[in-house]
Engineer: 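Questions regarding the structure given below will be posed in turn.
All figures in this text were calculated on a predicted structure; none of them were measured in a lab.
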Amino acid sequence: MKVVTWNVNSIRTRLERAEAWLRAHEPDVLCLQEIKVVDEDFPRGVFEDLGYHVETWGQKTYNGVAILSRSPIEDVHRGLPHDGDDAQARLIAGTVDGVRIICVYVPNGKNVTSWHFAYKLDWLARLEELLTTACDKDQPLILLGDFNIAPDDRDVYDPDAWAGRVHFHPVEHAALARLTGWGLHDVFRKHHEQAGAYSWWDYRGAAFPRDRGLRIDLVLATRAMLERSKGCEIDREERKEAKGQSKPSDHAPVVATFS
DNA sequence: ATGGTTGCCTTGCAA
């Protein structure tokens, strides 16, 4: 079972690349973030023609998440506990071949003094509540997506410069630790110890060619799925620019394979 | 160096 998370930064702008990537890599499950379209405008036919079931929770202009799967997607759930009617579209879950898949787009946070940062922390607390009240840590479960948090020093290009900043703040690390403390494991770290394996590079300041990135796109799994984990790779190639091609997302896909 | 670039869709916000 090949499961992927990819923040595409607009599915309409990225459609050509997303379709080509799917044809080349043929994942079983693809979790998308920042689709930036309402459900009616999601180009589902393109993916259905490739053999995928499609479940979305879209939103105009911002956010939006989706799960594409070769097998049917059961028990689909959208949103978090205490979401209001105006909730941001940031979480969609479904069960595929007996594995609970939770696709998340964690709020960015902007900067630590912003209301966006408080919103991020509240959102993470409600994600923890979802796990503890509606999920089973002893069952096969994968929580994956754009977490907008780099777990440790190996996951940021300049840890000293990033210390205390949004995406690498102690309070964010504490929130992430509560999720993993519930019973989740960083699948990438089962297979790779090295520093400098990033999944996101800012569009600005030539961050990608200078390799100034962060690993903020994570695949977290319960013990049952960690034991089935056979590999986890970041597809850095997809972040590259090529002449005559449409632009890449600022995030690379993260590919995890399970038995 | 609080800059820079991209995507939304139109004028400024979010990332």
Side-chain angles (χ1 to χ4, degrees), chain A residues 5-21 31-43 46 56-66 83 86-91 103-124 127 144-151 155-158 160-169 171-172 175-176 198-218 234-254:
Chain A
T5 178
W6 188 12
N7 180 325
V8 288
N9 187 18
S10 169
I11 192 59
R12 286 182 291 198
T13 296
R14 218 67 60 205
L15 187 57
E16 186 183 356
R17 290 184 77 121
E19 183 178 3
W21 195 92
C31 293
L32 301 175
Q33 300 90 34
E34 280 204 273
I35 60 176
K36 294 187 174 180
V37 282
V38 294
D39 294 331
E40 309 86 88
D41 293 335
F42 188 88
V46 171
T56 63
W57 189 23
Q59 184 181 328
K60 184 177 180 291
T61 307
Y62 305 116
N63 312 317
V65 284
D83 266 351
D86 58 347
Q88 299 181 13
R90 294 180 176 276
L91 183 148
C103 167
V104 293
Y105 174 45
V106 176
N108 178 292
K110 196 185 276 285
N111 62 67
V112 295
T113 58
S114 162
W115 67 265
H116 295 268
F117 192 67
Y119 180 83
K120 181 181 196 173
L121 298 176
D122 178 71
W123 197 93
L124 288 163
L127 177 59
L144 70 169
D146 176 1
F147 282 75
N148 272 310
I149 303 171
D155 303 315
V156 300
Y157 66 84
D158 186 344
D160 293 334
W162 276 91
R165 291 171 59 187
V166 70
H167 306 308
F168 200 62
H169 190 281
V171 173
E172 292 173 303
L176 187 60
Y198 308 130
S199 67
W200 170 85
W201 298 259
D202 202 314
Y203 283 128
R204 298 166 291 187
F208 183 68
R210 297 159 85 174
D211 203 23
R212 297 186 171 192
L214 304 177
R215 190 175 70 91
I216 55 178
D217 298 272
L218 308 178
I234 300 170
D235 184 14
R236 207 173 178 285
E237 286 298 308
E238 175 53 37
R239 181 58 178 81
K240 292 181 178 175
E241 299 251 15
K243 288 188 177 66
Q245 274 191 351
S246 55
K247 291 183 180 301
S249 170
D250 45 352
H251 294 254
V254 181

Engineer: Looking at side-chain heavy atoms only, is the closest gap between A:Tyr198 and A:Ile234 below 4.5 Å?
Structural biologist: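 The answer is no; the side chains never approach within 4.5 Å.
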
Engineer: Start with the C-alpha distance between A:Asp211 and A:Arg236, add both sets of side-chain angles, then the distance that settles salt bridge (charged side-chain N to carboxylate O under 4.0 Å, His left out), and finish with yes or no.
Structural biologist: CA-CA 11 Å; A:Asp211 203 23; A:Arg236 207 173 178 285; 3.2 Å; yes

Engineer: Around atom CD of A:Gln245, are there more than 12 heavy atoms of other residues, nucleotides or ligands at under 6.0 Å?
Structural biologist: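 Yes, enclosed.
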
Engineer: Restricting to non-hydrogen atoms, name the atom on A:Tyr157 and the atom on A:Leu214 that form the minimum distance, rounded to 0.1 Å.
Structural biologist: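 Closest approach of A:Tyr157 to A:Leu214, heavy atoms only: N-CD2, 4.4 Å.
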
Engineer: If you measure from the C1' atom in B:dT6 to the same atom in B:dT11, how many Å do you get, rounded?
Structural biologist: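 Rounded to whole Å, the distance is 15 Å.
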
Engineer: Taking only the C1' atom of each, what is the distance from B:dA15 to B:dT2 in whole angstrom?
Structural biologist: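 Per the computed distance, 15 Å lies between those C1' atoms.
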
Engineer: Looking only at atom P, what distance separates B:dC9 and B:dG3, rounded to whole Å?
Structural biologist: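 The answer is 27 Å between these two P atoms.
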
Engineer: Reading nucleotides 2-15 of chain B from the 5' end, what letters show protein touch, with B for base, S for backbone sugar-phosphate only, - for no heavy atom under 4.0 Å?
Structural biologist: --BBSSSS----SB

Engineer: Could you tell me which residues satisfy ring-ring contact (aromatic ring centres under 6.0 Å, His included) with A:His169, sequence neighbours excluded, listed by chain and number?
Structural biologist: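 A:His169 satisfies ring-ring contact (aromatic ring centres under 6.0 Å, His included) with A:Phe117 once adjacent residues are dropped.
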
Engineer: When rounded to the nearest Å, what value does the distance between P atoms of B:dG4 and B:dC8 take?
Structural biologist: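 One P to the other, the span is 22 Å.
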
Engineer: So do A:Trp200 and A:Asp146 actually touch side chain to side chain, heavy atoms under 4.5 Å?
Structural biologist: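 No - every pair of side-chain heavy atoms lies 4.5 Å or more apart.
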
